[in-house]
Amino acid sequence: MNFLKYPLTLLYRIWFYILVLVPILVLFPLIFITIYKEKTYPLFFKIARLWAKVVLVGMGFRYSIKGQEFFEEGKSYMLVANHTSMTDIMLMLIAVQNHPFVFVGKKELERIPIFGFIYKRVCIMVDRNSSKSRYEVFERAQKRINQGLSICIFPEGGVPEEHIILDEFKDGAFRIAIEHELAILPMTFYDNKKRFSYTFFSGSPGKMRAKIHPPVYTKGLTLENKNTVKHQVRELILTDLENDLT
């Protein structure tokens, strides 16, 4: 039945984009109200989590999250995870229940119709080709942390090629965490590449697991410790991914 693979996968991909877009269109008036002012962001976060559930459940993904007990009430965190799929955004929103956070993401995504309008109002955007833009990320992150929000960065800086288990990490997440003494919560997303990778004719319903690891604390550290912390977090996620493959 290989001759059915490509048309069925194409329909599956189209269905994904329908699930992403339709809830946004239906909820757009409420979304617009909640992104108009920064103080209503926690309400937007609840809407975003609902949207994420619709997408993942609608795609037939059975998600499970381990380690949510590591979150402490009233604390801001630096959230990091491996990046393999468009569904990483949805799974991150599901994994973090009661701690609203802000994504740091590529500026290019603001060009996407409708989604881009929302994206540039709720995310910290960075133009990786501009040193000024990268510097301004730290200022905007400080503002969001002061509002009691956490920050989420996929530290690989993009989605690596299919054969790479985990790419090298960029400095940004760890620099922000140390400068603001944020505990880092590393997460492993085990199945997203298998479920819905960036290879177009691929993907299928099934399990989608995430594990939140114990926090890596940065209080008292300086930027001289940045590479050590970065290596520690990367090795934690990489070892977890490699163990899952065996």
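Please read all numbers here as calculations on a predicted model, not as lab measurements.
Under the salt bridge (Lys or Arg N to Asp or Glu O under 4.0 Å) criterion, the residue pairs touching residues 173-184 are R175-E179, with sequence neighbours excluded. Note on residues 37-63: pairs passing side chain to side chain donor-acceptor pair (under 3.5 Å), not counting sequence neighbours, are E38-K143, E38-Q147. Sorted by first and then second residue, the side chain to side chain donor-acceptor pair (under 3.5 Å) pairs with a member in residues 7-34 read R13-S202; sequence neighbours excluded.
Nearest heavy-atom pair, G58 versus L19, reported as atom, atom and distance to 0.1 Å: C-CD1, 3.5 Å. Smallest separation of non-hydrogen atoms from I153 and G172: CD1-C, 4.4 Å. Shortest non-hydrogen contact noted between L79 and V96 is CD1-CG2, 3.8 Å.
Taking E168 as the reference, R234 meet the salt bridge (charged side-chain N to carboxylate O under 4.0 Å, His left out) condition, with sequence neighbours excluded. Judged as a side-chain contact (heavy atoms from CB on, under 4.5 Å), and not counting sequence neighbours, the contacts of H231 are E235. A search for side chain to side chain donor-acceptor pair (under 3.5 Å) contacts involving D88 returns H83, N192, not counting sequence neighbours. Applying the ring pair (Phe, Tyr, Trp, His ring centres under 6.0 Å) rule to F16 yields the partners F196; only residues at least two apart in sequence or on another chain are considered. Every residue meeting the side-chain contact (heavy atoms from CB on, under 4.5 Å) condition with Q68, not counting sequence neighbours, appears here in chain and number order: I65, Q97, I212. In this view, N243 satisfies the side chain to side chain donor-acceptor pair (under 3.5 Å) rule with no residue, not counting sequence neighbours. The salt bridge (charged side-chain N to carboxylate O under 4.0 Å, His left out) search around R144 returns none, not counting sequence neighbours. Applying the salt bridge (charged side-chain N to carboxylate O under 4.0 Å, His left out) test to D244 and every residue at least two apart in sequence or in another chain returns R209. Every residue was checked against the side-chain contact (heavy atoms from CB on, under 4.5 Å) condition with E69, not counting sequence neighbours, and none meets it.
Atom-to-atom distance recorded for F174:CZ and T228:OG1 is 11.5 Å, nearest 0.5 angstrom. With values rounded to the nearest 0.5 angstrom, E242 atom CD is found 12.0 Å from I237 atom CD1.
For the pair V26/F28, no side-chain contact is recorded, criterion being any heavy-atom separation below 4.5 Å from C-beta on. F189 is listed as a side-chain neighbour of F154, based on a closest heavy-atom distance under 4.5 Å. Residues F71 and L185 form a side-chain contact, since some pair of their non-hydrogen atoms from C-beta on lies under 4.5 Å apart. Contact check for V159 versus D167: no side-chain heavy atoms found under the 4.5 Å cut-off. For the pair E162/S197, a side-chain contact is recorded, criterion being any heavy-atom separation below 4.5 Å from C-beta on. Considering only heavy atoms from C-beta on, L10 comes within 4.5 Å of F200 through its side chain.
In this structure a side-chain-to-backbone donor-acceptor pair under 3.5 Å is missing from E156 to F169. Remark: side-chain polar atoms of D240 are not paired, donor with acceptor, to backbone N or O of L236 under 3.5 angstrom. With N82 contributing its side chain and L166 its backbone, the two residues share no donor-acceptor pair below 3.5 Å. Formation of a donor-acceptor pair under 3.5 Å by the T199 side chain with backbone atoms of F201 is not found in this model. Under the 3.5 Å distance criterion, the side-chain polar atoms of S150 are left unmatched by any main-chain donor or acceptor of S76. Put simply, the side chain of H99 gets close to the backbone of E72: a donor and an acceptor are under 3.5 Å apart.
For S85 and R195, the side-chain atoms include no donor-acceptor pair closer than 3.5 Å.
Between F101 and F103, the ring-plane angle classifies as perpendicular under the 30° and 60° cut-offs.
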